[in-house]
K.L.:
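Following this message is one structure expressed as structure tokens.
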Amino acid sequence: MSSNITSRKFTRRSILAGSATGAVTALSRLPTPAIAQNLTVKTGPLAEGGIQMEQGVTSYLKEKNYMMGGRKVEFVSADTGGNPAGAKTKAQELVERDKVDLILGPLASFELYAISEYIEQQKMPTLSLAAAQDLTQRKPNPYLLRASATSSQAMQPLGHYAATEMKLKRGVTIVEDFAFGYEQMGGFQEAFQADGGCIVKKLWTPIVTPDYTPYVAQISDCDGVCQGFAGSNPLRFMKQYHNMGLTYPVVTGETGGDDALLKSFGEESVGMISACPYTLDLETDGNKRFVSEMLQNYNVVPGFYAAGLYVNCQVADAGLDAVHGDVSDRVKFMAALKAVSLTDTPRGPIKFDHLNNVIGNIYIRRLGNEGAKYGLKFWNKTIKTYENVSQFWNWPEQQYLSHPVYSRDYPPLTKCHTA
């Protein structure tokens with residue numbers, strides 16, 4: 001898995017923005033601008049999201065004429081290596097060598113888990129796209145703020161929708177075998193089961209899986225499938241799923257049905273239901289402006305990754321304004337970031353809970369050609385909006401936190417009731 005660090009440096013401060021999976025970004029106090037570099041890794045199944053991260057940041061900076069907090073910004077990129085050790089090394093370089101004031105990132109949950117203790121020790125304000133949910137739950141990090149979503153924040157409404165409105169009863173889950181996958185499917189399963197559904201089988205695949213045939217062959221005795229693949233993996237899975245003749249309805253989260261993949265989805269994906277904190281078809285001024293900038297700057301439609309980094313920049317900018325560009329007092333700056341409440345973002349209104357996680361809308365979409373724009377043949381059309389969704393869904397906070405952390409084995413499979 002690839003990842004990198006990218007940055008545009010202020011004349012007196014800099015913002016480093018992620019451009020591949022696991023990217024770490026930062027705001028720095030360096031007195032002079034750095035020479036622009038581009039060491040971005042853009043290969044592998046997860047590269048699509050990383051590329052969109054970079055595009056989301058640069059679109060925001062272009063919109064603001066490369067000004068944040070009253071400072072001019074330039075752009076630089078560096079590679080983290082896409083692994084926990086590499087992410088921590090790069091975070092240490094940013095903090096100890098480059099004297100940054102704000103980190104944006106990483107994207108991969110396992111990388112955020114790897115650097116969390118360090119950023120807390122250093123009292124380093126961090127705005128992360130990574131969904132590692134226990135860092136805003138049982139092990140809250142006071143210097144971490146998440147404006148995107150936890151791994152299960154979209155999956156819980158999806159589980160509710162699948163059980164109550166799609167009337168699915170018996171489900172199979174399939175996802176990559178790592179932390180983000182465990183947390184996604186844990187949230188889906190728990191919500192699905194709470195509303196009368198049951199999971200009959202869980203399938204786990206390596207991140208790099210060129211052939212899903214052995215896994216698809218295990219899908220049976222169900223009336224719906226939940227896939228949670230990321231990067232380009234959803235494309236391969238849906239094609240192979242269709243080619244093997246399976247017709248069970250498919251539901252998925254923000255990565256499995258990402259709008260950035262719409263140009264590549266084909267007839268095999270028509271009817272797929274997805275749940276996401278961001279949706280391309282949101283008819284608001286903020287989203288229309290964002291989409292227009294992405295089309296103008298890169299000739300691409302944005303998805304969750306680009307929107308996530310764009311919103312992170314909006315939060316950072318608002319926090320900087322609140323402290324008048326003075327980030328010397330990190331406690332004060334972090335408090336300003338936590339207090340940010342925005343109404344005009346590409347994903348709609350957002351605010352933060354007391355554990356520093358976002359509260360925002362989750363959009364349920366159906367993939368088809370109805371209403372398709374921007375030259376796309378297929379389109380995710382919003383069919384239901386869950387407003388102001390917290391990371392605890394409908395459970396009381398303490399009840400939710402008393403449960404074990406979502407893992408490969410939790411929640412356990414339950415016996416399905418028969419009519």
K.L.:
Sequence neighbours left out, what pairs pass ring-ring contact (aromatic ring centres under 6.0 Å, His included) with at least one residue falling in residues 133-175?
P.N.:
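Of all non-adjacent pairs touching residues 133-175, those that pass ring-ring contact (aromatic ring centres under 6.0 Å, His included) are His160-Tyr386, His160-Trp393.
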K.L.:
In terms of heavy-atom contacts, does CD of Glu370 have more than 12 from other residues, nucleotides or ligands at under 6.0 Å?
P.N.:
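Counting neighbours around CD of Glu370, 12 or fewer heavy atoms of other residues, nucleotides or ligands fall under 6.0 Å, so no.
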K.L.:
Nearest 0.5 angstrom please: Ser128 OG to Asn357 CG, how far?
P.N.:
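It comes to 10.5 Å.
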K.L.:
Is there a donor-acceptor pair closer than 3.5 Å between any side-chain N or O of Gln133 and the backbone N or O of Gln391?
P.N.:
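A pair under 3.5 Å: no.
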K.L.:
With a 4.5 Å heavy-atom cut-off, do Tyr410 and Tyr182 have their side chains touching?
P.N.:
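Tyr410 does not reach Tyr182 side chain to side chain.
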K.L.:
Measure the shortest side-chain to side-chain distance between Ile383 and Ile273 over non-hydrogen atoms and say whether it is less than 4.5 angstrom.
P.N.:
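Ile383 reaches Ile273 side chain to side chain.
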K.L.:
A side-chain contact here means heavy atoms from C-beta on lying under 4.5 Å apart; do Leu280 and Tyr374 qualify?
P.N.:
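With C-beta onward as the side chain, the pair touches.
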K.L.:
Taking side chain as C-beta onward, heavy atoms only, is Thr279 less than 4.5 Å from Asp259?
P.N.:
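Yes. Closest side-chain heavy atoms under 4.5 Å.
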K.L.:
Working to the nearest 0.5 angstrom, can you tell me the gap between Thr150 OG1 and Met155 CE?
P.N.:
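Separation between the atoms: 11.0 Å.
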K.L.:
Any side-chain heavy atom of Met294 sitting closer than 4.5 Å to one from Gln52?
P.N.:
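They are in side-chain contact.
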K.L.:
I need the Met166 CE to Thr164 OG1 distance, nearest 0.5 Å.
P.N.:
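That separation rounds to 10.5 Å.
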K.L.:
Return yes when atom NZ of Lys351 has more than 12 non-hydrogen atoms of other residues, nucleotides or ligands closer than 6.0 Å, and no otherwise.
P.N.:
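Not more than 12 within 6.0 Å, no.
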K.L.:
Please check if the side chain of Arg347 supplies one atom and the backbone of Ala307 the other of a donor-acceptor pair under 3.5 Å.
P.N.:
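No, Arg347 side chain to Ala307 backbone: no donor-acceptor pair under 3.5 Å.
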K.L.:
Within the side chain of Gln189, is there an N or O that forms a donor-acceptor pair under 3.5 Å with the backbone of Pro412?
P.N.:
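Judged by distance alone, yes, a pair lies under 3.5 Å.
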K.L.:
Does the structure place the NZ or CZ of Lys202 under 6.0 Å from the centre of the six-membered ring of Phe188, at an angle of no more than 45° from the ring's axis?
P.N.:
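No.
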K.L.:
Between Tyr278 and Phe290, what is the ring plane arrangement, given parallel below 30°, perpendicular above 60°, and tilted in between?
P.N.:
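Tyr278 vs Phe290 ring planes: perpendicular.
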K.L.:
Answer yes or no: are there more than 12 heavy-atom neighbours, outside Lys123 itself, under 6.0 Å from its atom NZ?
P.N.:
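No.
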K.L.:
Under 4.0 Å between a side-chain nitrogen and a carboxylate oxygen: does that hold for Asp177 and Arg408?
P.N.:
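Result for this pair is yes, salt bridge flagged.
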K.L.:
Using only atom types and a distance under 3.5 Å, with no angle test, would you say the side chain of Arg146 pairs donor to acceptor with the backbone of Ala132?
P.N.:
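Side chain of Arg146 to backbone of Ala132: a pair is present.
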K.L.:
Is the closest side-chain heavy-atom distance between Phe378 and Ser269 below 4.5 Å?
P.N.:
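A side-chain contact is absent here, since even the closest heavy-atom pair is not under 4.5 Å.
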K.L.:
Identify whether the distance between the nearest side-chain nitrogen and carboxylate oxygen of Lys384 and Glu165 falls below 4.0 Å.
P.N.:
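So Lys384 pairs with Glu165 through a salt bridge.
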K.L.:
Are any of the side-chain nitrogens in Lys64 or Glu293 under 4.0 Å away from the carboxylate oxygens of its partner?
P.N.:
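Answer for the salt bridge query: no.
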K.L.:
Do Val172 and Val200 have side chains that get closer than 4.5 Å, going by heavy atoms?
P.N.:
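Of all side-chain heavy-atom pairs linking Val200 with Val172, at least one is under 4.5 Å.
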K.L.:
Please answer whether the main-chain N or O of Lys377 pairs with a side-chain N or O of Asn369 as donor and acceptor at a distance below 3.5 Å.
P.N.:
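Side chain of Asn369 to backbone of Lys377, a donor-acceptor pair under 3.5 Å: no, none is there.
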K.L.:
Checking Asp281 against Arg365 for the salt bridge (charged side-chain N to carboxylate O under 4.0 Å, His left out) test, could you report, in this order, the C-alpha distance in whole Å, the side-chain angles of both residues, the deciding distance, and whether it holds?
P.N.:
CA-CA 9 Å; Asp281 71 340; Arg365 300 96 54 81; 5.6 Å; no
K.L.:
Hey, could you give me each pair passing ring-ring contact (aromatic ring centres under 6.0 Å, His included) that has a residue in residues 213-232? Not counting sequence neighbours.
P.N.:
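Non-adjacent pairs meeting ring-ring contact (aromatic ring centres under 6.0 Å, His included): Tyr212-Phe229, Phe229-Phe237.
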